[in-house]
Amino acid sequence: AESAALAGGDFDFYKFIRQPQTIVRFLSWIFSIVVFACITGEGYINPIHHPEAKCVFNQNDSACHYAVGIGVIAFLACVAFFVLDIYLPFMSNAQERKITVMADLGFSGVWTFLWFVCFCLLASQWSQTNDDNAIPKDAARATIAFSFFSIATWGILTYFALGRYRHGVNNLAMPTYTETAPDINTPYPPTYAPTSYNPTTYNPTTYTPYPSNVPDMQQQPPFTQTLPPKGDAGYEPPSF
């Protein structure tokens, strides 16, 4: 269930990198790098009237902090979900697969909304920024653009995660096998019924009668001894 066809087997790297979900997640990973790299590299300037560096987006440090935080967390989340996508087909526990897909669905949906908020915030603050030649405009515009692209990629990831979740639920609802109802009219079950049955005719064996001239051994009692006849015949008294 949960889009994991079989638990176990060999990992196919080329099939994995060609999956649409893997490609979109890789793009989300790249976009997050561009966003927080542009801000940390060229997102702060030193105004004339302020000794400390200020955010290029209307000197609103909260806007820069928000974009950097969203980008860094998105970067780490993409790496974590890359590992989970690889490990998902090898999970034998359906509950673990369900939790993994639901975590992907929930995080992708939340980060789609947060990237939308980031884009609106940066675009609003950039529109209020005074035109100053010292501001690195290319970095600021790249940050806004890739924030918008991140909305699209994370929205697609949410759609893929929702599809995997629905696919898993449908697989759980389907029966694993269909048992054929037994036919009571046949003497054997359909699986074990013999293909052909040829009964053999029983021919009783003719026995030779027991011969009558054989003496019956049971007529003489067993363990009998021939005793000498009783009487005084042949007795001679001793002579003194």
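Everything numeric in this text was worked out from a predicted model, so none of it was measured.
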Close side-chain approach of [X] and [Y], heavy atoms under 4.5 Å:
X	Y	answer
Lys137	Trp126	yes
Lys54	Tyr44	no
Leu88	Arg164	yes
Cys78	Trp154	yes
Phe13	Ile86	no
Val56	Thr129	no
Asp104	Gln21	yes

Is there a path of hydrophobic side-chain contacts, each under 4.5 Å between heavy atoms, that joins [X] and [Y]?
X	Y	value
Ile17	Phe90	yes
Ile33	Val72	yes
Leu162	Leu84	no
Leu105	Val110	no

[atom1]-[atom2] distance between [X] and [Y], expressed to the nearest 0.5 angstrom:
X	Y	atom1	atom2	answer
Leu157	Leu27	CG	CG	9.0 Å
Trp115	Ser28	CH2	OG	9.0 Å
Ile156	Arg25	CD1	CZ	12.0 Å
Met91	Arg97	CE	CZ	8.5 Å
His65	Cys55	NE2	SG	7.5 Å
Cys118	Ile151	SG	CD1	8.5 Å

(message) Donor-acceptor pair, distance only, cut-off 3.5 Å: does the side chain of Thr143 make one with the backbone of Cys38?
(response)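 Checked: no pair found.
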(request) Answer yes or no: is there a donor N or O on one side and an acceptor on the other, between the side chain of Asn93 and the main chain of Gln95, under 3.5 Å? (result)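 Here the side-chain-to-backbone pair exists.
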Nearest heavy-atom pair of [X] and [Y]: which atoms, and what distance?
X	Y	value
Phe16	Asp85	CE1-CB, 3.7 Å
Thr112	Gly155	OG1-N, 3.2 Å
Ser32	Gly71	CB-O, 3.4 Å

(request) Please report the C-alpha distance between Leu121 and Phe57 in whole Å, then the side-chain angles of each, then the deciding distance to 0.1 Å, and finally whether the side-chain contact (heavy atoms from CB on, under 4.5 Å) criterion is met. (result) CA-CA 9 Å; Leu121 177 61; Phe57 294 96; over 6 Å; no
(request) Evaluate whether atom CZ of Phe148 has more than 12 neighbouring non-hydrogen atoms of other residues, nucleotides or ligands under 6.0 angstrom away. (result) no
(message) Is it the case that atom CZ in Phe26 sees more than 12 heavy atoms from other parts of the structure closer than 6.0 Å?
(response)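 Not more than 12 within 6.0 Å, no.
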(request) Please determine which of Leu122, Asp61, Leu114 meets the side chain to side chain contact (heavy atoms under 4.5 Å, CB included) test together with Tyr66. (result)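 Option passing the side chain to side chain contact (heavy atoms under 4.5 Å, CB included) with Tyr66: Leu114.
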(request) May I ask you to check whether Phe116 and Phe119 place their ring centres under 6.0 Å from each other? (result)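 No - the distance between ring centres of Phe119 and Phe116 does not fall below the 6.0 Å cut-off.
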(request) Answer yes if the ring centres of Phe107 and Trp111 are under 6.0 angstrom apart, and no otherwise. (result) yes
(message) Between Asp12 and Arg18, does any NZ, NE, NH1 or NH2 come within less than 4.0 Å of an OD or OE carboxylate oxygen?
(response)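 Answer for the salt bridge query: no.
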(message) Using the rule given for side-chain contact (heavy atoms from CB on, under 4.5 Å), can you reason through Thr100 versus Phe81, listing the C-alpha separation, both sets of side-chain angles and the distance that settles it, and then say yes or no?
(response) CA-CA 9 Å; Thr100 302; Phe81 282 113; 5.8 Å; no
(message) Looking only at side-chain N and O atoms, does Thr158 offer a donor or acceptor that is under 3.5 Å from a partner on Ser108?
(response)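 Looking only at side-chain atoms, Thr158 and Ser108 do not form any donor-acceptor pair under 3.5 Å.
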